[in-house]
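The block underneath contains the structure these notes are about, expressed in structure tokens.
Remember, it's 1-based here, ligands and their atoms both numbered in the order they're listed. Position 1 is the first residue of the sequence, and the numbers go up from there.
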Amino acid sequence: MLESVLIILPKALWLILPAYVANSSAVLFGGGVPIDLRVKIRGKRILGDGKTYRGLILGTCCGVLVGIFQNQMAGLLGGVIFPPVVLLSLAFGALFGDITESLIKRRLGIKQGAPFFPFDQLDFIAGAFITLWLTSEEWFLTHFSLDVIITILIITPILHLLTNRIGYIIGKKDVPW
Ligand code: CTP
Ligand code: MG
């Protein structure tokens, strides 16, 4: 049991890393013009100030760049190669999932920054998985085995709460969740 966890955990983290980096880079480098251009529907913002063009673009770029670096390392480690479309799907898909969650939160009347557990923690994972599945089904099914997916679903909320606390302390997030 412990042995298999020790094998699956690093594998799972390596595979989802471009999505993790995309999501956290959006928080680190985001800000500025909101994607919804402050448009409201029935008195409520479409997405809110927490979803910006800069976060989306820089987040996607950082996720893809990390994946390119991982591909360079794959030669050394004998690891997986992420094709370009896979990297784009993981990075952009993660942020697309996060945006979709904000859209739903606003329609439900949940204010920007207010918690919506566990969706705040898993929105970007769902976005990355679904996008990757749509663009690269075979690659997705080959690499994201059920044990890898379950590991990611368990470990992500824990990591997310931890990194958000750091983001709050360094002043990048308005709330510690
Ligand atoms: N961010 C951004 N652009 C994005 C995603 C995130 O600029 N596409 C930045 C914003 O500064 C945002 C922060 O990252 O406030 C944290 O993102 P998140 O926790 O997803 O948003 P919240 O501010 O909590 O808003 P929401 O209630 O819509 O989830
Ligand atoms: Mg979110």
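When you scan the N, O or S atoms of D98 for the one nearest the Mg ion (ligand 2), you land on OD1. Note on D123: its N/O/S atom closest to the Mg ion (ligand 2) is OD2. Here the N, O or S atom of E101 that is nearest to the Mg ion (ligand 2) is OE1.
Residues L88 and F82 have side chains not in contact (no heavy-atom distance under 4.5 Å, counting atoms from C-beta outward).
With hydrogens and angles ignored, the 3.5 Å screen pairs no side-chain donor or acceptor of D98 with any backbone N or O of F124. With hydrogens and angles ignored, the 3.5 Å screen pairs a side-chain donor or acceptor of R107 with a backbone N or O of K44.
Protein residues having at least one heavy atom under 4.0 Å from any atom of ligand 1 are A26, V27, G30, G31, G50, K51, T52, G55, L56, D98, S102, K105, R106, K111, Q112, G113, K173, listed by chain and number.
Ring geometry for F96 against F92 counts as parallel: the plane angle stays under 30°, on a 0 to 90° scale with 60° as the upper cut.
Annotation for L134: hydrophobic cluster partners, listed by chain and number, are I130 (ILVMFWY side-chain heavy atoms under 4.5 Å, direct or chained).
Here F144 pairs with F129, F140 under the ring-ring contact (aromatic ring centres under 6.0 Å, His included) rule; sequence neighbours left out. Take R106 and apply the side chain to side chain donor-acceptor pair (under 3.5 Å) test, not counting sequence neighbours, and it matches no residue.
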